[in-house]
Trainee: 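Input: one structure, supplied below.
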Amino acid sequence: MCGRFTLTVNPEVVQLAFALESVPAGYAPRYNIAPTQPVLALTNEGHRRATLLRWGLIPAWAKDPTIGNSLINARSETLAEKPAFRHAFRRRRCVIFADGFYEWQRLPDGRRRPMYIRLTSGEPFALAGLWEVWQPSHSEEALRTCTIVTTRPNAFMAPIHSRMPVILDRAVVDDWLTPGDVDPLELMPLLAPLETLPLTAYEVSKAVNSPHTDVPDLIRPLPASPPPDRLL
DNA sequence: CCAGACGTTGTT
DNA sequence: GTCTGG
DNA sequence: CCAGACGTTGTT
DNA sequence: GTCTGG
């Protein structure tokens, strides 16, 4: 099974769906957001202005920022203890908006097939995330980074993957974004996979995770083959 | 005490 | 920054 | 995750 | 084969 994923997002659609006060100007719809690139996010700073965060969390204590290249996911099961994440778990939570994500399914013959997953409704959703601020030097501007929380797969995702991103129910997004300190244990239940989430998987026409395929035509989801219901 | 790690996924 | 291992 | 690189010397 | 960058 594959694990990391890339996202797609349309900021204007997200703004409407989540009643955001604003989204960053000039952030055009994206069809292939890979780690290290900017993602559309809402932090627990107590307002509803979406912001851009670099995907790949760099802890405040990091000397070498390339550590962010590996901290692109955080396991929900161990968030509270991991030195790289526990501070952010207590103080700096965020949601990362997406209207779909790619996962690479391993086939019996060992080949990998990119699948595009989204809500059956097509609506955008919020992924649980953590964020941090990293100061390169006194003279340089602070870098805001984030990581996406993962969990075990629900029944729909299990045939495709061993892990999945934590998709937050609309009703608990504001709980996850409570400003300031929160008892981490109270938040753990929010990170369990949603079994009832109506998801649909699509086969993608070709590999999408390349700088050269960042165009809508190549990733527009095709009817799944086999259809999603046969993946179960 | 200091030095070094601090992560995930997937694969073997 | 904080913990672990030597 | 996949795609692509995989290097040194010297100069700014 | 393994690491880095996207």
Side-chain angles (χ1 to χ4, degrees), chain A residues 1-9 27-41 52-92 96 98 100-118 127-137 142-143 145-153 157-166 181 184 191 193 201-215 218-219 221:
Chain A
M1 292 282 185
C2 319
R4 302 183 198 174
F5 31 76
T6 63
L7 311 173
T8 67
V9 72
Y27 191 75
R30 302 280 299 280
Y31 302 91
N32 180 19
I33 307 173
T36 71
Q37 295 178 348
V39 295
L40 185 70
L52 297 181
L53 299 175
R54 184 188 206 266
W55 185 7
L57 187 139
I58 305 174
W61 41 258
K63 294 186 189 73
D64 178 4
T66 62
I67 190 175
N69 294 343
S70 55
L71 304 186
I72 64 180
N73 291 145
R75 292 178 65 89
S76 60
E77 296 91 333
T78 53
L79 274 180
E81 299 99 49
K82 294 293 184 182
F85 299 135
R86 60 191 172 192
H87 178 72
F89 184 38
R90 269 190 286 108
R91 303 211 47 134
R92 290 187 161 144
I96 291 106
F101 60 90
Y102 304 100
E103 289 276 22
W104 280 258
Q105 180 179 40
R106 180 158 311 265
L107 301 174
D109 65 7
R111 289 182 44 77
R112 289 174 181 189
R113 170 170 67 171
M115 302 290 286
Y116 183 65
I117 317 292
R118 62 177 185 174
L127 300 177
L130 307 175
W131 65 290
E132 276 290 359
V133 180
W134 185 72
Q135 192 71 45
S137 69
L143 184 60
T145 63
C146 69
T147 189
I148 296 175
V149 179
T150 65
T151 186
R152 65 173 180 78
M157 287 299 296
I160 301 174
H161 267 291
S162 60
R163 304 289 294 171
M164 67 181 283
V166 172
D181 275 70
L191 302 179
Y202 301 82
E203 188 174 8
V204 179
S205 56
K206 61 199 296 188
V208 293
N209 197 3
S210 154
H212 305 299
T213 56
D214 195 351
V215 288
L218 298 183
I219 57 79

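Per chain, numbering begins at 1; letters A, B, ... match sequence-line order.
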Trainee: Under the side chain to side chain donor-acceptor pair (under 3.5 Å) test, which residues partner W134(A), sequence neighbours left out?
Mentor: none
Trainee: Ignoring backbone atoms, test whether S70(A) places a side-chain nitrogen or oxygen under 4.0 Å from the OP1 or OP2 oxygen of dT9(B).
Mentor: no
Trainee: Could you pull out all residues at least two apart from R90(A) that satisfy side chain to side chain contact (heavy atoms under 4.5 Å, CB included)?
Mentor: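 Side chain to side chain contact (heavy atoms under 4.5 Å, CB included) list for R90(A), sorted by chain: H87(A), D181(A), P184(A).
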Trainee: Identify each atom pair where a protein N or O and an N or O of nucleotides 2-5 of chain B are less than 3.5 Å apart, giving names and distance.
Mentor:
none

Trainee: Can you tell which of dT2(C), dG6(E), dG7(B) lies closest to the side chain of Q37(A)?
Mentor: dG6(E)
Trainee: Can you name the residues that form a side chain to side chain contact (heavy atoms under 4.5 Å, CB included) with P83(A), not counting sequence neighbours?
Mentor: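 So P83(A) forms a side chain to side chain contact (heavy atoms under 4.5 Å, CB included) with R86(A).
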Trainee: Measuring from the side chain of P83(A) (C-beta onward, heavy atoms only), which nucleotide among dG1(C), dT8(B), dG6(E) has the closest atom?
Mentor: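 Closest nucleotide to the P83(A) side chain: dG1(C).
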Trainee: How long is the gap from OG1 on T6(A) to CD1 on I72(A), to the nearest 0.5 Å?
Mentor: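 Answer rounded to 0.5 Å: 10.5 Å.
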Trainee: In whole Å, what is the span from the CZ atom of R54(A) to the P atom of dG6(E)?
Mentor: 8 Å
Trainee: Provide, to the nearest angstrom, the distance between the CG atom belonging to L191(A) and the P atom belonging to dT8(B).
Mentor: 13 Å
Trainee: Distance check, C1' atoms only: dT8(B) and dT4(E), in whole angstrom units.
Mentor: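 Those two atoms are separated by 16 Å.
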Trainee: Quick one: closest heavy-atom pair of L53(A) and C146(A), and the distance?
Mentor: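 Looks like CD1-CB, 3.7 Å.
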Trainee: Can you check whether N73(A) has a side-chain N or O nearer than 4.0 Å to OP1 or OP2 of dT9(B)?
Mentor: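 Looking at the OP1 and OP2 atoms of dT9(B), neither is under 4.0 Å from any side-chain N or O of N73(A).
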Trainee: Which residues satisfy the salt bridge (Lys or Arg N to Asp or Glu O under 4.0 Å) test with R75(A), sequence neighbours excluded?
Mentor: E77(A)
Trainee: Check whether any side-chain nitrogen or oxygen of R75(A) sits under 4.0 Å from OP1 or OP2 of dT8(B), and answer yes or no.
Mentor: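 No, because none of the side-chain N or O atoms of R75(A) sits under 4.0 Å from OP1 or OP2 of dT8(B).
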Trainee: From the options dT9(B), dG5(E), dG6(E), select the nucleotide whose nearest atom is closest to the side chain of R163(A).
Mentor: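 Nearest listed nucleotide: dT9(B).
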Trainee: Under the rule for side chain to side chain contact (heavy atoms under 4.5 Å, CB included), what residues qualify as partners of A84(A), not counting sequence neighbours?
Mentor: P59(A), W61(A), L71(A)
Trainee: For A80(A), what residues pass the side chain to side chain contact (heavy atoms under 4.5 Å, CB included) criterion, not counting sequence neighbours?
Mentor: F89(A)
Trainee: Using the test side chain to side chain donor-acceptor pair (under 3.5 Å), find all partners of T66(A) that sit at least two apart in sequence or belong to another chain.
Mentor: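 Only D64(A) meet the side chain to side chain donor-acceptor pair (under 3.5 Å) criterion with T66(A).
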Trainee: Treating a pair as Watson-Crick (purine N1 to pyrimidine N3 plus N6-O4 or O6-N4) or G-U wobble (N1-O2 and O6-N3) with both distances under 3.5 Å, list the stems of 3 or more consecutive pairs that involve DNA chain B.
Mentor: B:1-6 with C:1-6
Trainee: I want to verify a distance call: between dT9(B), dG7(B), dG5(E), whose nearest atom is closest to the T150(A) side chain?
Mentor: dT9(B)
Trainee: Using the side-chain heavy atoms of A34(A), tell me which of these nucleotides is nearest: dG1(C), dC3(C), dG6(E).
Mentor: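 Selected nucleotide: dG6(E).
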Trainee: Of the candidate nucleotides dC6(B), dG6(E), dT8(B), which contains the atom at the shortest distance from the side chain of T78(A)?
Mentor: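 Comparing dC6(B), dG6(E), dT8(B) against the side chain of T78(A), the answer is dT8(B).
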